[in-house]
Amino acid sequence: MSFEENIRKVVPYTPGEQPQRKVIKLNTNECPYPPSEKVTRALREFDTELLRKYPDPECSGLVGAIADYYKVGKEKVFVGVGSDDVLSMCFLTFFAGKKPVLFPDITYSFYDVWANVYGIPFETIALDEDFNIRAEDYKKENGGIVIANPNAPTGVEEPLSKIEEIISSSPDSIVIVDEAYADFGENTAISLVDKYKNLVVTRTMSKSRALAGMRIGYAFADERLIKYLNDVKFSVNSYTMNMPSLIAGREAILDDEYFKEIRDKVVATREWTKAELKKLGFSFRDSKTNFIFATHESEQAERIYEVLKEKDVYVRYFNKPRLSDYLRISIGTDEEMKELVSLLKNILKR
Ligand code: PMP
C-alpha cells in the first residue's frame, strides 16, 4: 500500500497497566488518597453551561495560583495537560538543534520516545553502579540535557549542587529538570530559575496532589523560554487545558494544608515500607519519591511481579537491561502496604 511510506511510524511509550477492576494498584505512582475537598467542591459547583465556550487559552487562573504559591512571576510559569504534555512541548521547543540531547540511560522512559517522534538526536549517559548521576559526564557538547530529580524508576535524589553543576556547565543549551517527584524529596531547582536563563523545571499534580486523572502539569523558566514554549503550544493546540482541570488545579494549589497532610502520610508509609522490605531481603537505593525500586536477594523480580498480579496486587516490572532484577513499588495506603508485605512474606516463605 503506497500510503504506508507517508506514515510516521513510532514505538510508543508503554504506560503502566490500568486494570478497570478494583485491585491494589501500586504500579503507576498515583496518590492513594483522594484529591482535596476543595477540588471536589469546586467541581461539584462547576456550572456546566460554561462548557459551550472555549476555556481560557492563557490558563490565567491556574498560572496565577501556581505563581503565587511558588512566589515566582506569572510570566515564568507554563501549564499543560500533565507534565507529559509540558515535557513534550519542551522537547519540541528547545531541542531543535543537531547536537545530541543528553539524559541518563536509566530514567523516565518517555524521554527517548519524544526524542524519536520529534526526530531529536539523543545520547544516553550511563548512571553509575549505584544509580547516581556523574556531573562530569554531562560536560560535553550537547543540544540539551534532561534530568529527572528525584530520578525514576530509581527513586534516587541528587543534591542540588550536582544539578546546578550540570546547569552551569552547559550555558548554551537548555537543561530540563523533571521534578515530578520532588514534593516527596528534599530539594528543588525552582529557586535556580532566576539565576540560570537555560533552566526549565517541570512539575506535576498527578502524584503529590492526587490529580493524575485531571492531567495537570506545569513548568518554571525564564520569561523568554516560557514565551518560546507558548509560541509552540499555540502552534499546536491553543486550548490544551479544559475548564474543569483549570479549576481543579487552582483549588489543589490553594489547599496547602491538605497537600502537606497527604504528602506527609505517603512519606511516613514509604519509610515503614522500606523497613519491612529490608526485613524480607530486599535492597534498594534510598527513595525520595512515592515509590521504592527494589531488588530481592534470591527471588526473581519477574516471578514476584507475576505472583502479586495473580493476587490482584499490581507493581511495575521493567523487562529491560539493568532494570530486570527490580520491582518498582508505588506507596499506597498503610493498609495496602500491609497487605503487600503479608503477600510478600508468603511468596518468599518468610
Ligand atoms: N516525569 C516522570 C519522571 C514521571 O514518572 C511521570 C509519570 N509517569 C511524569 C513525568 C508524567 O506525569 P504526568 O504526565 O502525570 O504529570
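We count ligands from 1, going down the list as the structure has it; atoms in each ligand are counted the same way.
Under 4.0 Å is where a charged nitrogen must lie from a carboxylate oxygen, and between K233 and D85 no such pair does. Between K139 and E165 a salt bridge is recorded (basic side-chain N to carboxylate O distance below 4.0 Å).
Applying the salt bridge (Lys or Arg N to Asp or Glu O under 4.0 Å) test to every pair with at least one member in residues 315-330, sequence neighbours left out, gives these pairs: D105-R322.
For the residue pair V266 and P32, the shortest heavy atom distance occurs at CG2-CD, 4.0 Å.
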Which pairs of N or O atoms, one from ligand 1 and one from the protein, are separated by less than 3.5 Å, and what is the distance for each pair?
residue  : atom   : partner : partner atom : Å
ligand 1 : 1 (N)  : D178    : OD1          : 3.3
ligand 1 : 1 (N)  : D178    : OD2          : 2.7
ligand 1 : 5 (O)  : Y181    : OH           : 2.7
ligand 1 : 8 (N)  : Y108    : OH           : 3.1
ligand 1 : 12 (O) : S83     : OG           : 3.4
ligand 1 : 14 (O) : S83     : N            : 3.2
ligand 1 : 14 (O) : D84     : N            : 2.9
ligand 1 : 14 (O) : D84     : OD2          : 3.3
ligand 1 : 14 (O) : R215    : NH2          : 2.8
ligand 1 : 15 (O) : S206    : OG           : 2.6
ligand 1 : 15 (O) : R215    : NH1          : 2.8
ligand 1 : 16 (O) : S83     : N            : 2.6
ligand 1 : 16 (O) : S83     : OG           : 2.7
ligand 1 : 16 (O) : T204    : OG1          : 2.5
ligand 1 : 16 (O) : S206    : OG           : 3.4

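Checked against ring pair (Phe, Tyr, Trp, His ring centres under 6.0 Å), F259 has no partners two or more places apart in sequence or in another chain.
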Donor-acceptor pairs are to be reported for all side-chain atoms of residues 62-71 against protein atoms at under 3.5 Å, with residues two or more places apart or in another chain.
residue : atom : partner : partner atom : Å
Y69     : OH   : D256    : OD1          : 2.5
Y70     : OH   : Y218    : OH           : 2.7

